[in-house]
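Take a look at the structure set out below.
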Amino acid sequence: MSSVLMPQADMDNPISPNDSVIKAENLTKHYRRLVAVDKVNLAIPRGCVFGLIGPNGAGKTTLIKMMMGLINISSGRATVLGLDATGDEDRIHRIVGYVPETPTIYRWMRVREVIRFCRTFRETWNNELCKELLDTFELDPDRKVKHLSKGMLAKLSLLVALAFEPEVLILDEPTAGLDAVIREEFVDSILKVICLRECTVFYSSHAIEDVERIADRVGLIFNGQMHLDTPVKDLLSTTRRIRAVLKDESTPNIVPDGTIWQQIDGREWILTVTNFTPDTISRLQAANSVENVEVEEISLTQFFKDYIKGRRVKK
Amino acid sequence: MIAEMKMLLWKDYRLSRLILVAGVMLIVGPYLMLMFFPRYWEWHYNAAWAFTTFISQFTMAFLAGNIIVSERTDRSAEFLAFQGASRKMCIASKLIICFLVFALICCINIILSFWFTASRFERSEEVLIISIPTGVCFFGCCWLLSALLSSPVYAIVFGTIMPFLIIFALALSAYFFNWSEMDYLWIWYITICSGLGILSLLAGTWHFIRSKES
């Protein structure tokens, strides 16, 4: 770990290697009557890549902005590297790499001016890494920011967030609106940084396939509440889609525990079940008049869609 | 710390460059026109002096009304916020730029004014007596509104109408309370404008330091 990167955090708010790098305790934000984020608890350990997924308006950006100290917290507490998001926000901004959904870099600056500007505020700026990223992203240093395409602007935003080798990287839907090729390059760059340095990443995205690719753990936020916080492997290894054929004129009697979504299409009964075990099938067959049962693995994208659809039906 | 301040000053200078150039051109312009007159009289000179003095005030109003809010309009204030620049340093840089611009345009105006008069005419001191508190009011109100609002247009428009509202209010008071002494009216004007300008400057600075950009 760099000696410059964490001096104040070490002195004032010591956190041991086993402590959570990003922590939220009952974090709440409300705008008058609207509750944007509702008592969210999070504890992300060092070196973890945490993917945050959720539908539009779920509270992802609000949660990130609170953790970064960019907006006031209504109640609860958030810390990053042991620094409080209320009071230590300037220090958090200096040591955390942050890529917002919409890059807000000064449009009148040239790429080299943006780099010079950001370098001034980052004590751990790595010029070699910066040059390497400039080459990788094929960014022209003499080009003005206002003349960059959306993809190039996102890359520049990532460059200034990565070039000072932050210990924590927070990405708020950085690939929104980018084409598949640029998105892949973007995610590859993040993966490279994760592999080379022990970087803790908080990655919020609608591109759930990207989250599945890079995240160790996934959190699902819906209506401001954290519904899920679990390792991606565990989630996918215990979640299955079950396709059952109902016997003539019969209807499902008992829905298995852990069903997050179900649909009946003629005689076909489709269910998405979490905490799946081989017993789930035998219990399903014992409790319902079904002829044929097929079990499929599902992707994180399918899980997300089914979960949200299921919650909306419940609501 | 010094490098960061230099960078912030450079950034704020770049944000204000257009207003500075326009202000200097409008100040130099009338004197340049005088140069091309075959012979100029005292009223030509006084008109140029009055015009450039008020242009100086308007330049400062534009600068104050733009320097904070322009970063909020294009959301670059957010970018600056997550670089970790302290709010106090950011506002100090903006104030320094404003005072440097103020010093520059005052110097240009005074140098040109002296050069053109060359002791031929007497400068109208009334212009100065009115323009200084008006300028303070313009600057302070535009600064406060720039710190509060999200559009430079509103900050500049509402900031620059403030002295006119004060004149209007004083004229109404004079009418209803039968003030006959004009000097009395001007003392009130100077006091209110200066007080409001200074208070607004302090309030805008305080609000900027306390607020968050997102």
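Reminder, nothing fancy here: chain letters follow the sequence lines and each chain counts from 1. Scope of the values below: all heavy atoms of this structure, side chains included, with no hydrogens, waters or symmetry mates.
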So do [Y] and [X] actually touch side chain to side chain, heavy atoms under 4.5 Å?
X: E78(B); Y: L70(A); result: no
X: R107(A); Y: S76(B); result: no
X: V96(A); Y: F82(B); result: no

Measure across [X] and [Y] and return the closest heavy-atom pair with its distance rounded to 0.1 Å.
X: D90(A); Y: R87(B); result: OD2-N, 4.3 Å
X: F79(B); Y: V160(A); result: CE1-CG2, 4.5 Å
X: C118(A); Y: Q83(B); result: SG-OE1, 3.4 Å

Gap separating the CH2 atom of W108(A) from the CG atom of D74(B), nearest 0.5 angstrom: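 Those atoms lie 10.0 Å apart.
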
To the nearest 0.5 Å, tell me how far L80(B) CG sits from F117(A) CZ.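 With rounding to 0.5 Å, CG (L80(B)) is 5.0 Å from CZ (F117(A)).
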
Using heavy-atom distances under 4.5 Å, tell me whether [X] contacts chain B through its side chain, its backbone, both, or neither.
X: R122(A); value: side chain
X: V114(A); value: side chain
X: P100(A); value: side chain

Show me the side-chain donor-acceptor pairs of residues 5-15 of chain B shorter than 3.5 Å, one per line, residues at least two apart or across chains.
unit_1	atom_1	unit_2	atom_2	d
K11(B)	NZ	E71(B)	OE2	2.9
D12(B)	OD1	K94(B)	NZ	3.1
D12(B)	OD2	S93(B)	OG	2.4

Can any side-chain N or O of R94(A) pair as donor or acceptor with the backbone N or O of G84(B) at less than 3.5 Å? yes

Report, as yes or no, whether the 6.0 Å neighbourhood of atom [atom1] on [X] holds more than 12 heavy atoms from other residues, nucleotides or ligands.
X: K29(A); atom1: NZ; result: yes
X: F62(B); atom1: CZ; result: no
X: L32(B); atom1: CG; result: yes

Relative to chain A, which of A85(B), A3(B), S86(B) shows the most heavy atom pairs under 4.5 Å?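 Most heavy-atom pairs under 4.5 Å with chain A: A85(B).
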
